[in-house]
Amino acid sequence: MTTTDLHTTAALIAADASAVAHADRVIAGLGLPTDGIAVGDPATGEQIAQIADIDVDGALQAVATADAAGRAWARTTPRQRADVLHAWHALLVEHTEDLAHLITREMGKPLAESRAEVKYGSDFVRWYAEEAVRPAGSFREAPDGGANILVRRAPVGLAVLITPWNFPLAMATRKIAPAIAAGCASVVKPASLTPLTTIYAVQLALQAGVPADLVQVVTTSSSSKFSEAVLRDSRVRKVSFTGSTEVGRTLMRLASDTVLRSSMELGGNAPFLVFDDADLERAIDGAFAAKLRNSGQSCIGANRYYVQEGIADAFAEGLAERFRQVAVGAGLGTGTTLGPLIDDRAVRQMRALTDDAVARGADLLAGGTELGDAGHFFAPTVLDNVPADSDIAGTEIFGPIAAIQRFTTEAEAIERANATEFGLAGYVFSESLDRALNVADRLETGILGINQGVPSNAAAPFGGVKQSGLGREGSAEGLEEYQSVRFYNIARRETR
Ligand code: NAD
């Protein structure tokens, strides 16, 4: 039975005053300037803080300071690095509520999701505390017996870390923690839409015993001037960027001038394949989580649902039914399960994508409307029978719209799923192990969710293929991004 769309009748959930006060107490404790770049709350549009607008001279000063601290840090023992990371992890966990309120206040996601981000973000710190004491290396004998070869890893050097606004804690910790574990200093530039969480997390790192100068946070309104100056500085040896493919290309061009080691975590356009032999409820649960987490603003969020004809009606109606009942409102409100989008531009993008798809013949099963008078809200939306040539079928949506297309054969689904320059995440839902694994093998993505809508884990090597990026974050591979490989060829006097 189809129920009414809650979003046509219910008011948005308002923020709890006590939760807002909690967030604002944390902000007051950050010691921020009284003028600079304004930071807003996406649920209301109100200004909540101002942060320093650091110019190029200030950024280069941060490079100099971090570089000096990094030279000393490179000489610390693995155990010393592990100990400060363990202490930082403990403080992040202890301050879960402060961090979660701060994330929600500046970024908008529901408090429960912010708590999950604190868990996920702090997991990277613990993981790299554990990895720090396991420096990889190997010992080999040359095939002709004339040499012993010792392979070891050294800190890559000063790293510039540029992060996006959608996961303000996790995107920062999964770069800063491996840099510290590897023995590197860093200059971190958070997104100016959501800088407060990074500032707070780094303050906790200093409290945990990370040397004061080792991690420099640079907030700026001119990110292009920042990268042009800093990436060309010869003291910088590494850039790690998470954000859009377009900005990633620009940074790679800049990095080529100094042949800078680069890690690029870029945009996605994830296909989500549901086969007739999928467990329907499991597929709907996975589809729901893979789309609505973070209001759809996740690089691995499901972007193109391809559903096989035999299950498509039930899947589309089941997903729409779930979307109609989502509780939308301020992330700091009681019971909210979907928060606002980051800004008004994102709301306009949802409007345009929905209108284009409907004009081309898509069926609107749920949502499709802006919500509320203030803030940046768009109703959770399901579009079925989306034409392959509509804008939404070829765009990284980055919002709460599920766009469903139908397919007949496995081969067709794979071909359509791979018809994109992106290759970050893909999803396969099938109860057949043989089908799930064989389809996964043929999808051109770095990350595969198999009967699973939320595949991220600190122990997994997160990253994309094709134009979704270079390098990996998390896992042992994430540490290698901050290490240089060296070998010693040790002559042997006698061959065997
Ligand atoms: P964005 O590319 O606009 O910005 C990301 C960061 O880069 C921000 O800090 C921004 O200030 C900075 N920036 C922008 N131009 C710059 C320049 N010329 N020099 C230096 N820094 C610059 O992306 P966004 O809107 O913040 O984030 C959304 C995008 O990020 C989406 O495409 C999403 O898929 C992607 N993303 C990818 C991953 C991943 O791990 N692959 C994770 C999260 C987000």
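Each ligand, and each atom within it, is numbered from 1 in the order the structure gives. Note that the structure is a prediction, hence the values are computed from the model and not measured.
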**Study point:** side-chain hydrogen bond (donor to acceptor under 3.5 Å, both in side chains) between D213 and T65, intermediate numbers included
**Key:** CA-CA 6 Å; D213 293 338; T65 306; 5.8 Å; no
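- Of the protein's non-hydrogen atoms, C299 CB, 3.4 Å is the one closest to atom 36 (N) of ligand 1.
- Backbone and side-chain nitrogen or oxygen atoms of N166 are examined, and none is located within less than 3.5 angstrom of a nitrogen or oxygen of ligand 1.
- Below 4.0 Å from some heavy atom of S227 lie the following atoms of ligand 1, by number and element: 17 (C), 18 (N), 19 (N), 20 (C).
- Those atoms of ligand 1 with a heavy atom of F398 less than 4.0 angstrom away are 28 (C), 31 (C), 33 (C), 34 (O).
- Contact annotation for F241 and ligand 1: only side-chain heavy atoms (C-beta onward) come within less than 4.0 Å of the ligand.
- Between the side chain of T219 and the backbone N or O of I51 there is no donor-acceptor pair closer than 3.5 Å.
- Salt bridge present: R115 and E97 bring a charged side-chain N and a carboxylate O closer than 4.0 Å.
- At under 3.5 Å, a nitrogen or oxygen of S244, whether backbone or side chain, sits near a nitrogen or oxygen of ligand 1.
- Listed by atom number, the atoms of ligand 1 under 4.0 Å from G268 heavy atoms are 34 (O).
- At a heavy-atom cutoff of 4.0 Å, ligand 1 is contacted by no atom of E473, backbone or side chain.
- Side-chain N/O atoms of S240 and K175 include a donor and acceptor closer than 3.5 Å.
- Ring geometry, F288 versus F323: the interplanar angle exceeds 60°, so the pair is classed perpendicular (tilted spans 30 to 60°).
- For a threshold of 3.5 Å applied to N or O pairs, the pair formed by T250 and ligand 1 contains no separation below that value.
- At the shortest separation from atom 35 (C) of ligand 1 among protein heavy atoms lies G243 O, 3.2 Å.
- Of the protein's non-hydrogen atoms, E396 OE2, 2.5 Å is the one closest to atom 34 (O) of ligand 1.
- The protein non-hydrogen atom at the shortest distance from atom 9 (O) of ligand 1 is T163 O, 2.6 Å.
- Atoms of ligand 1 lying under 4.0 Å from any heavy atom of L251, numbered from 1 in the order shown and given with element: 19 (N), 20 (C).
- Atom CD1 in I392 sits 5.5 Å away from atom OG1 in T354 (nearest 0.5 Å).
- Within the 4.0 angstrom cut-off, atom 4 (O) of ligand 1 has no protein heavy-atom neighbours.
- In this structure, atom 27 (O) of ligand 1 lies nearest to the protein heavy atom P164 CB, 3.5 Å.
- Nearest protein heavy-atom contact of atom 21 (N) of ligand 1 is S223 CB, 3.5 Å.
- Because its NZ or CZ atom is both nearer than 6.0 Å to the ring centre of Y482 and within 45° of the ring axis, K238 counts as a cation-pi partner of that residue.
- One finds no salt bridge joining K466 and E421 here, because no Lys/Arg side-chain nitrogen approaches an Asp/Glu carboxylate oxygen to under 4.0 Å.
- For the pair G464 and ligand 1, no heavy-atom separation below 4.0 Å is found.
- Under a 4.0 angstrom heavy-atom cut-off, W165 registers as being in contact with ligand 1.
- Remark: ligand 1 and R174 share an N or O pair separated by less than 3.5 Å (distance only, no angle test).
- The pair R322-D285 counts as a salt bridge, with a side-chain nitrogen and a carboxylate oxygen less than 4.0 angstrom apart.
- Ion pairing between E481 and R261 fails under the 4.0 Å rule for side-chain N and carboxylate O.
- Under the 3.5 Å distance criterion, the side-chain polar atoms of Y128 are matched with a main-chain donor or acceptor of G474.
- Contact annotation: F462 has at least one heavy atom less than 4.0 Å from an atom of ligand 1.
- For the pair R293 and E113, the salt-bridge criterion is not met [side-chain N within less than 4.0 Å of a carboxylate O].
- In terms of N/O distances under 3.5 Å, ligand 1 is not approached by T242.
- Proximity of a side-chain donor or acceptor of S295 to a complementary backbone N or O of Q297 within less than 3.5 Å is not detected.
- Residues V326 and L292 approach most closely at CG2-CD1, 3.7 Å, considering heavy atoms.
- Ligand 1 has an N or O atom lying under 3.5 Å from an N or O atom of L266, backbone or side chain.
- Nearest protein neighbour of atom 10 (C) of ligand 1, counting heavy atoms only, is K189 NZ, 3.9 Å.
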